[in-house]
Amino acid sequence: MSNSFVGRKVCVRGWIYRRSVVGGKAFVRVRDSTGVIQVVVDKKKCGEDIVRTLKDIGLEASVKTCGELVKQPRAPGGYEIQADWFKVVGYSRDFPIKGGEGIDYLLDNRHLWIRSRKLTETMKIKHSVLRAGREYFIENGWWEVTPPILTASAVEGGATLFPVKYFDKTAYLSQSAQLYLEALIYSLEKVWSLTTSFRAEKSRTRRHLAEYWHLEAEAAWYNMEDMMRVAEELVAHIVQYVLEHNRRQLEILGRNLEILKNYVEPPYPRIRYDEAIEILQKKGVNIEWGDDLGADEERVLTMEFDKPFFITHFPKEIKSFYMKLDPENEKLALGFDLLAPEGYGEIIGGSEREDDYNKLLNRIIEQGYNPEDYKWYLDLRKYGSVPHSGFGLGIERLVMWIAGLDHIRDAIPFPRFRGRIYP
Ligand SMILES: NC(=O)C[C@H]([NH3+])C(=O)NS(=O)(=O)OC[C@H]1O[C@@H](n2cnc3c(N)ncnc32)[C@H](O)[C@@H]1O
Ligand SMILES: [Mg+2]
């Protein structure tokens, strides 16, 4: 609502968020997709019956009303509607979420909890993140493609595959569209996809889901640095878009806008894995060269930076078979992770890909995979192989950071993780 509507007749349809009856008036706070507005239902104007009904009506009953909009500093948003009439559309009895319930109870009632203010505003931010992500690729001449979700082999390690019955065979839910995007660059050159990726994560952490939305890109002729530039432009574009379109949501969620503004200017800093290990050891973290960087180590590293930063050139043993080895030091893989500051850690994983047939075959065997499962993928290196790179951005991890959430489950309407499949 705004001043231009003051004194005019307005109508609202929504759900009862709060209500009280004082004297012959009901003060009803009606929630709709835009927010909450107070409606005053006076028995002198609307009749005694509706005021009596509203006295005990259940929260979340659906209603509709019309009346005059007036200024009211004590009401949410500074306005209220003085109803000419007020109608209950759908009754609600004993809405099970009253406040103070435990997380498992709330997750069991996720289909109702998603009506909450925090989740509603977060979903609006996620809408902008998805729109800005699509916009970036479309405006920069990338082709959107539709890779399969039912696949025959692992991309990111066999330990987190979800097997599914596929007629008389076993298939796996996709961990990443990457290998299929790599097949598409020999015709479309620059491709992107937004799909769900699945990871049978054994442990429950605040930044892992079993099903998440994965924005992935792959381009022919791009080396690692070229692709890192795409990744930082993408993230900066998304943050800028959210700052422009979701200021209100960010304020409702209590997010510091000044800090976010610091993230919209690439290039982002780049450090090599070696430097990351040095920083961690200097800070007293018990870590050796060759160890993987987990959430704790990433959290420590993020405190050294006031914007997202890349870590590159990882030991090949801790990175996937498809990553190209550094020609200057074949102990290292040309992989990059983009870490979000403020303790959030990895939001993007990417790399330059091995484009030599024999080297890729050796890496597949070295990492214990069956080359037969990757025959088609190896074929790509037989027929006009080209240098190429790509990355995957975890949408919920990005939303978690931009919105300042403390758990990834609040970045998706129906979170899936070990022990949670209902509702
Ligand atoms: N096309 C590519 O090059 C992508 C590449 N094959 C890939 O899947 N890399 S990744 O495993 O680091 O996952 C990429 C990102 O996907 C996110 N990710 C990865 N795993 C998860 C889980 N379990 N939950 C939520 N988000 C997750 C996280 O932001 C990672 O940086
Ligand atoms: Mg990763």
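Keep in mind the model is a prediction, meaning the values are calculated, not measured. In listed order, ligands and their atoms are each counted from 1.
- If you run side chain to side chain contact (heavy atoms under 4.5 Å, CB included) between L293 and each of I318, V300, I287, D337, only I287 comes through.
- Of the listed options E182, Q175, R199, R199 places a heavy atom closest to atom 11 (O) of ligand 1.
- Annotation for ligand 1: atoms under 4.0 Å from non-hydrogen atoms of Y322 are 5 (C), 6 (N).
- Between K126 and E396 there is a salt bridge, with a side-chain nitrogen of the basic residue lying less than 4.0 Å from a carboxylate oxygen of the acidic one.
- Among protein atoms, those of element N, O or S found less than 2.8 Å away from the Mg ion (ligand 2) are E346 OE2.
- In this comparison of R353, E216, M227, the heavy atom closest to atom 3 (O) of ligand 1 sits on R353.
- If you number the atoms of ligand 1 from 1 as listed, the ones under 4.0 Å from a heavy atom of S176 come out as 1 (N), 4 (C), 5 (C), 6 (N), 8 (O).
- Shortest contact from atom 5 (C) of ligand 1 to any protein heavy atom: E156 OE2, 3.3 Å.
- Each side-chain hydrogen bond (donor to acceptor under 3.5 Å, both in side chains) pair with one or both residues in residues 96-106, not counting sequence neighbours, appears once here: D94-K98.
- In terms of polar-atom proximity, I408 is not counted as a contact of ligand 1, lacking any N or O under 3.5 Å from an N or O of the ligand.
- Under 4.0 Å from ligand 1, not a single heavy atom of W192 appears.
- Within the structure, the ring-ring contact (aromatic ring centres under 6.0 Å, His included) test picks out no pair touching residues 402-423 (sequence neighbours left out).
- The minimum heavy-atom distance between T312 and M228, with the atom names listed, is CG2-CE, 3.5 Å.
- Among all non-hydrogen protein atoms, the one lying nearest atom 12 (O) of ligand 1 is E346 OE2, 3.0 Å.
- For ligand 1, the atoms sitting less than 4.0 Å from at least one non-hydrogen atom of I348 are 31 (O), numbered in the order shown with element in parentheses.
- Here's the thing with F391: one of its N/O atoms is less than 3.5 angstrom from an N/O atom of ligand 1.
- Nearest protein heavy-atom contact of atom 28 (C) of ligand 1 is R397 NH1, 3.6 Å.
- Of the N and O atoms on the side chains of Y79 and N3, at least one donor lies less than 3.5 Å from an acceptor on the other residue.
- Between E232 and R270 the shortest heavy-atom distance is OE1-NH1, 3.0 Å.
- In terms of N/O distances under 3.5 Å, ligand 1 is not approached by G350.
- Ring planes of F137 and W192: parallel class, angle under 30° (limits at 30 and 60°).
- Residue pairs meeting the ring-ring contact (aromatic ring centres under 6.0 Å, His included) criterion with at least one member in residues 234-270, sequence neighbours excluded, are Y241-H245, Y263-W401.
- Taking only nitrogen or oxygen atoms, main chain and side chain alike, G349 reaches within less than 3.5 Å of ligand 1.
- Counting all heavy atoms, side chain and backbone alike, W213 lies closest to L194 at CE3-CG, 4.0 Å.
- Of the protein's non-hydrogen atoms, the one nearest atom 24 (N) of ligand 1 is L209 N, 2.9 Å.
- Atom 29 (O) of ligand 1 has as its closest protein heavy atom I347 O, 2.8 Å.
- For E80 against Q72, the heavy-atom pair with the smallest separation is OE1-CG, 3.3 Å.
- Neither the backbone nor the side chain of E396 has a heavy atom within less than 4.0 Å of ligand 1.
- Looking only at heavy atoms of the protein, atom 15 (C) of ligand 1 is closest to G392 O, 3.5 Å.
- When every heavy atom of S174 is checked against every heavy atom of T151, the shortest pair comes out as CB-CG2, 3.9 Å.
- Only one option out of M224, K316, E352 pairs with K324 in a side chain to side chain contact (heavy atoms under 4.5 Å, CB included); it is E352.
- Ranked by closest heavy atom to atom 25 (C) of ligand 1, the top entry among W213, Y212, F198, Y180 is Y212.
- The heavy-atom pair separating A152 from Y180 by the smallest distance is N-OH, 4.4 Å.
- Ring geometry, H214 versus Y212: the interplanar angle falls from 30° to 60°, so the pair is classed tilted.
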